[in-house]
Amino acid sequence: MYTAAVITVSDKGFAGEREDTGGPLVKEMLENAGYSVVHTEIIPDEMDMIEKALISAADDLDIALCVTTGGTGFSPRDITPEATVHVCERMTPGIPEAMRAESMRITPRGMLSRAQAGIRRRTLIINLPGSPKAIRENLGAVLPALDHGLEMLRDKKGDCGQEK
């Protein structure tokens, strides 16, 4: 079982002006897949706060999987991908590519997601959109493959799949 954090990035959610439906859905999906969600929070669309939350999840909490929801669109306040790129040491482009490909099967608007994914230390960070429908599509597309990546990242298996 891997640990997970869910970070909702939403100005209105942080201010209490909108109910956070995305974060709880991500938490539920992760728990149903066997993850232990040990940290959740709602933060505003502020670069320094997003970066601080991601760094804390990786460096302080040593979370295996950190999933953000919100801030991946075209609005001027949507800066979650930029914050993610800034704090990651290595990017994992296949994850957002797979999410966009799955979304494109459903709507051409799937190409508009700017979500990123990357690695900081031993933590995989993945951006998801904020809408529950898009969360189901995107996280559902990649969730089955994440265990293998986390096994390698957390040093439980060698690169060739052999037990260490």
Side-chain angles (χ1 to χ4, degrees), residues 1-100 103 112-143 145-147 149-150 153-154:
M1 177 183 295
Y2 292 106
T3 57
V6 179
I7 300 170
T8 300
V9 181
S10 168
D11 288 331
K12 289 183 178 178
F14 181 76
E17 298 171 3
R18 177 185 300 155
E19 179 185 1
D20 177 22
T21 56
L25 175 58
V26 173
K27 182 178 187 285
E28 177 185 338
M29 289 179 71
L30 290 175
E31 288 175 343
N32 287 343
Y35 290 83
S36 174
V37 178
V38 297
H39 178 77
T40 62
E41 68 180 303
I42 303 174
I43 58 175
D45 294 270
E46 295 290 340
M47 184 71 74
D48 60 335
M49 292 184 77
I50 300 167
E51 289 177 0
K52 181 180 174 185
L54 296 174
I55 290 168
S56 177
D59 297 6
D60 302 332
L61 301 175
D62 192 30
I63 299 289
L65 176 63
C66 179
V67 180
T68 68
T69 176
T72 62
F74 280 25
S75 167
R77 299 280 297 159
D78 289 338
I79 55 172
T80 305
E82 287 76 15
T84 300
V85 169
H86 191 251
V87 304
C88 286
E89 297 155 345
R90 298 180 289 157
M91 301 311 295
T92 56
I95 294 171
E97 288 169 5
M99 293 189 308
R100 280 187 279 274
S103 289
L112 302 178
S113 171
R114 299 181 322 102
Q116 295 289 328
I119 296 167
R120 180 180 177 90
R121 295 189 179 188
R122 295 174 0 119
T123 300
L124 175 60
I125 300 170
I126 300 175
N127 302 152
L128 293 175
S131 90
K133 180 180 181 298
I135 288 168
R136 279 187 199 90
E137 294 166 4
N138 284 253
L139 187 54
V142 300
L143 198 51
L146 297 183
D147 277 352
L150 291 173
L153 183 61
R154 303 302 270 188

To the nearest 0.5 angstrom, please state how far the [atom1] atom of [X] sits from the [atom2] atom of [Y].
{"X": "Thr3", "Y": "Leu65", "atom1": "OG1", "atom2": "CG", "answer": "8.5 Å"}
{"X": "Asn138", "Y": "Met29", "atom1": "CG", "atom2": "CE", "answer": "9.5 Å"}
{"X": "Leu25", "Y": "Lys133", "atom1": "CG", "atom2": "NZ", "answer": "12.5 Å"}
{"X": "Leu128", "Y": "Met99", "atom1": "CG", "atom2": "CE", "answer": "5.5 Å"}
{"X": "Ile63", "Y": "Leu54", "atom1": "CD1", "atom2": "CG", "answer": "11.5 Å"}
{"X": "Ile7", "Y": "Ile50", "atom1": "CD1", "atom2": "CD1", "answer": "9.5 Å"}

Ignoring hydrogens and geometry, is there a side-chain-to-backbone donor-acceptor pair from [X] to [Y] under 3.5 Å?
{"X": "Ser36", "Y": "Val38", "value": "no"}
{"X": "Thr84", "Y": "Thr80", "value": "yes"}
{"X": "Arg121", "Y": "Ile55", "value": "no"}
{"X": "Arg120", "Y": "Val87", "value": "yes"}
{"X": "Thr40", "Y": "Val6", "value": "no"}
{"X": "Ser131", "Y": "Ala134", "value": "yes"}
{"X": "Arg90", "Y": "Ile119", "value": "no"}

Any idea which heavy atoms bring [X] and [Y] closest together, and the distance?
{"X": "Leu143", "Y": "Ala33", "answer": "CD2-CB, 3.6 Å"}
{"X": "Val142", "Y": "Ala98", "answer": "CG1-CB, 4.0 Å"}
{"X": "Thr72", "Y": "Pro129", "answer": "OG1-CA, 3.5 Å"}
{"X": "Asp147", "Y": "Tyr35", "answer": "OD1-OH, 3.2 Å"}
{"X": "Pro44", "Y": "Met49", "answer": "CG-SD, 3.5 Å"}
{"X": "Ala4", "Y": "Leu30", "answer": "CB-CD1, 3.9 Å"}

Inset, instruction - Decide if atom CD of Glu89 counts as having more than 12 heavy atoms of other residues, nucleotides or ligands within a radius under 6.0 Å. - result: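 Buried by this count: over 12 neighbours within 6.0 Å.
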
Inset, instruction - Report, as yes or no, whether the 6.0 Å neighbourhood of atom CZ on Arg77 holds more than 12 heavy atoms from other residues, nucleotides or ligands. - result: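 Yes, CZ of Arg77 has more than 12 neighbouring heavy atoms, counting only those of other groups under 6.0 Å.
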
Inset, instruction - List the steps and the verdict of side-chain contact (heavy atoms from CB on, under 4.5 Å) for Ile125 and Thr123. - result: CA-CA 6 Å; Ile125 300 170; Thr123 300; 4.1 Å; yes

Inset, instruction - May I have the step-by-step check of side chain to side chain donor-acceptor pair (under 3.5 Å) for Asn127 and Thr68, ending in yes or no? - result: CA-CA 5 Å; Asn127 302 152; Thr68 68; 2.9 Å; yes

Inset, instruction - Check the pair Met91 / Val85 against side-chain contact (heavy atoms from CB on, under 4.5 Å), numbers first and verdict last. - result: CA-CA 7 Å; Met91 301 311 295; Val85 169; 3.8 Å; yes

Inset, instruction - Considering only NZ, NE, NH1 and NH2 on the basic side and carboxylate oxygens on the acidic side, decide whether Arg122 and Asp62 come within less than 4.0 Å. - result: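 Looking at Asp62 together with Arg122, the answer is yes, because their closest N to O distance falls below 4.0 Å.
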
Legend entry - Short N-O contact, Lys27 and Asp20, less than 4.0 angstrom: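 Salt bridge: no.
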
Inset, instruction - May I have the step-by-step check of salt bridge (charged side-chain N to carboxylate O under 4.0 Å, His left out) for Arg114 and Asp78, ending in yes or no? - result: CA-CA 9 Å; Arg114 299 181 322 102; Asp78 289 338; 5.9 Å; no

Inset, instruction - Applying side chain to side chain donor-acceptor pair (under 3.5 Å), name anything that partners Glu97, two or more places apart in sequence or on another chain. - result: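 So Glu97 forms no side chain to side chain donor-acceptor pair (under 3.5 Å) with any residue.
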
Inset, instruction - Decide side-chain contact (heavy atoms from CB on, under 4.5 Å) for Leu146 and Ile126; before the verdict, give the C-alpha distance in whole Å, the side-chain angles of both, and the deciding distance to 0.1 Å. - result: CA-CA 10 Å; Leu146 297 183; Ile126 300 175; 3.8 Å; yes

